[in-house]
Amino acid sequence: MTAALEIAKLQAWYGESHILHNVNMTVQPGEVVTLLGRNGAGRTTTLRAIMGLTGARQGSIKVNGEEAIGLPTHKIAHLGIGYCPEERGIFSSLSAEENLMLPPQLNGADKGMPVPEIYAMFPNLEERRHSQGTRLSGGEQQMLAVARILRTGARLLLLDEISEGLAPVIVQGLARMITTLKAKGYTIVMVEQNFRFAAPLADRFYVMEHGQIVETFVASELSAKMPVLTELLGV
């Protein structure tokens with residue numbers, strides 16, 4: 001089976017700063033993989049490097065077997081990747097529904113998720129569909145940021161700290177969303193500081209420190225790895 005995402009010997013820089021050092025990572029189709037690590041470990045930079053949003057990059061990034069390291073960001077997106085950055089990027093002057101209808105269909109990607117299906121997954125968004133972006137709560141903005149990606153037809157989702165700063169009831173809703181998307185066959189790579197949110201959802205975990213992968217394990221090994229995680233993350 002061709003991996004949905006295969007990263008080999010990835011190095012990345014911001015200007016003169018060498019951030020990622022020989023990162024290796026494989027994600028199979030339909031998997032939920034979580035990147036753990038302290039702030040500054042290089043997790044967000046890994047997602048940004050996949051999308052071509054860092055400075056220089058070296059190594060290999062294959063999306064469904066296709067090499068993406070030399071492609072510009074818009075071409076990488078057309079390989080069927082959706083990136084949800086920590087800052088969400090909602091257009092504040094547009095309504096929730098206008099934000100949702102904005103993304104173009106990705107060439108060669110699957111058909112985007114229909115709006116009724118999105119509203120079934122995010123009832124809050126349907127209720128607030130005529131509200132301006134600025135009037136949405138943090139949780140609603142986060143839901144909208146993810147929903148907007150689903151409209152494009154992307155099947156590989158890169159989600160950066162989607163639970164950060166949100167109320168527990170909203171975080172529970174996001175967990176249900178991840179479970180639903182996995183059941184629909186989406187492949188998800190999450191960067192998460194909220195270990196309690198990420199732990200029950202992920203099939204596999206990668207732990208980063210100083211721009212390198214220092215530990216990798218599957219969900220069934222989680223309890224055995226807790227002493228190591230406590231040391232590395234302070235969980």
Next on the checklist: Tell me which one of Leu156, Leu47, Ile149 satisfies side chain to side chain contact (heavy atoms under 4.5 Å, CB included) with Ile81.
Outcome noted: Leu156

Main-chain N/O of [Y] paired to [X] side chain as donor or acceptor, under 3.5 Å:
X: Arg128; Y: Arg135; result: yes
X: Thr152; Y: Ala154; result: yes
X: His18; Y: Leu20; result: yes
X: Arg48; Y: Leu53; result: yes
X: Ser131; Y: Leu136; result: no
X: Glu192; Y: Ser163; result: yes
X: Arg129; Y: Ser95; result: no
X: Arg57; Y: Ala49; result: yes
X: Glu221; Y: Val218; result: yes

Compare every heavy atom of [Y] with every heavy atom of [X], then report the nearest pair and how far apart it is.
X: Ala198; Y: Thr34; result: CB-CG2, 3.8 Å
X: Ile7; Y: Thr46; result: CD1-CG2, 4.5 Å
X: Glu161; Y: Glu86; result: CB-CG, 3.9 Å
X: Ala120; Y: Pro123; result: O-CD, 3.9 Å
X: Ala8; Y: Asn24; result: CA-OD1, 3.2 Å
X: Thr73; Y: Gly52; result: OG1-O, 3.3 Å

Next on the checklist: side chain to side chain contact (heavy atoms under 4.5 Å, CB included) for Thr54 and Trp13? Distances and angles first, verdict last.
Outcome noted: CA-CA 6 Å; Thr54 58; Trp13 289 260; over 6 Å; no

Going only through I, L, V, M, F, W and Y residues with side-chain contacts under 4.5 Å, is there a path from [X] to [Y]?
X: Val191; Y: Val33; answer: yes
X: Phe197; Y: Tyr186; answer: yes
X: Val171; Y: Leu157; answer: yes
X: Ile61; Y: Met208; answer: yes
X: Met121; Y: Ile188; answer: yes

In Å, rounded to the nearest 0.5 Å, how long is the span from [atom1] of [X] to [atom2] of [Y]?
X: Leu181; Y: Leu150; atom1: CG; atom2: CG; result: 5.5 Å
X: Phe122; Y: Leu174; atom1: CZ; atom2: CG; result: 7.0 Å
X: Leu233; Y: Glu231; atom1: CG; atom2: CD; result: 10.0 Å
X: Cys84; Y: Arg148; atom1: SG; atom2: CZ; result: 8.0 Å
X: Glu209; Y: Glu215; atom1: CD; atom2: CD; result: 10.5 Å
X: Gln141; Y: Leu125; atom1: CD; atom2: CG; result: 10.5 Å

Determine whether [X] and [Y] make a side-chain contact, defined as any pair of heavy atoms from C-beta on separated by less than 4.5 Å.
X: Met177; Y: Ile162; result: yes
X: Leu229; Y: Phe217; result: yes
X: Gln142; Y: Val146; result: yes
X: Tyr206; Y: Val189; result: no
X: Met190; Y: Leu35; result: no
X: Ile69; Y: Leu10; result: yes
X: Asp203; Y: Lys182; result: yes
X: Leu71; Y: Leu79; result: yes

Item to check | Residue pair Val115, Arg151: steps toward the side chain to side chain contact (heavy atoms under 4.5 Å, CB included) verdict | outcome: CA-CA 8 Å; Val115 172; Arg151 287 282 303 138; 3.9 Å; yes

Checklist entry - If you count the non-hydrogen atoms of other residues, nucleotides and ligands that lie under 6.0 Å from NE2 in His210, is the total more than 12? => result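 No, NE2 of His210 has 12 or fewer neighbouring heavy atoms, counting only those of other groups under 6.0 Å.
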
Next on the checklist: Counting neighbours of OH on Tyr14 that are heavy atoms of other residues, nucleotides or ligands and sit closer than 6.0 Å, is the number greater than 12?
Outcome noted: yes

Checklist entry - Between Ser60 and Glu67, does any side-chain donor sit less than 3.5 Å from a side-chain acceptor? => result yes

Item to check | Arg204 versus Gln28, side-chain donor and acceptor atoms under 3.5 Å | outcome: no

Checklist entry - Hey, what's the ring geometry for Phe205 with Phe195, parallel, tilted or perpendicular (30° and 60° as the breaks)? => result tilted

Item to check | side chain to side chain contact (heavy atoms under 4.5 Å, CB included) evaluation trace for Gln212 with Val23 | outcome: CA-CA 6 Å; Gln212 296 177 300; Val23 171; 5.8 Å; no

Checklist entry - Taking it one step at a time, do Leu159 and Ile178 satisfy side chain to side chain contact (heavy atoms under 4.5 Å, CB included)? => result CA-CA 10 Å; Leu159 308 180; Ile178 299 285; 3.6 Å; yes

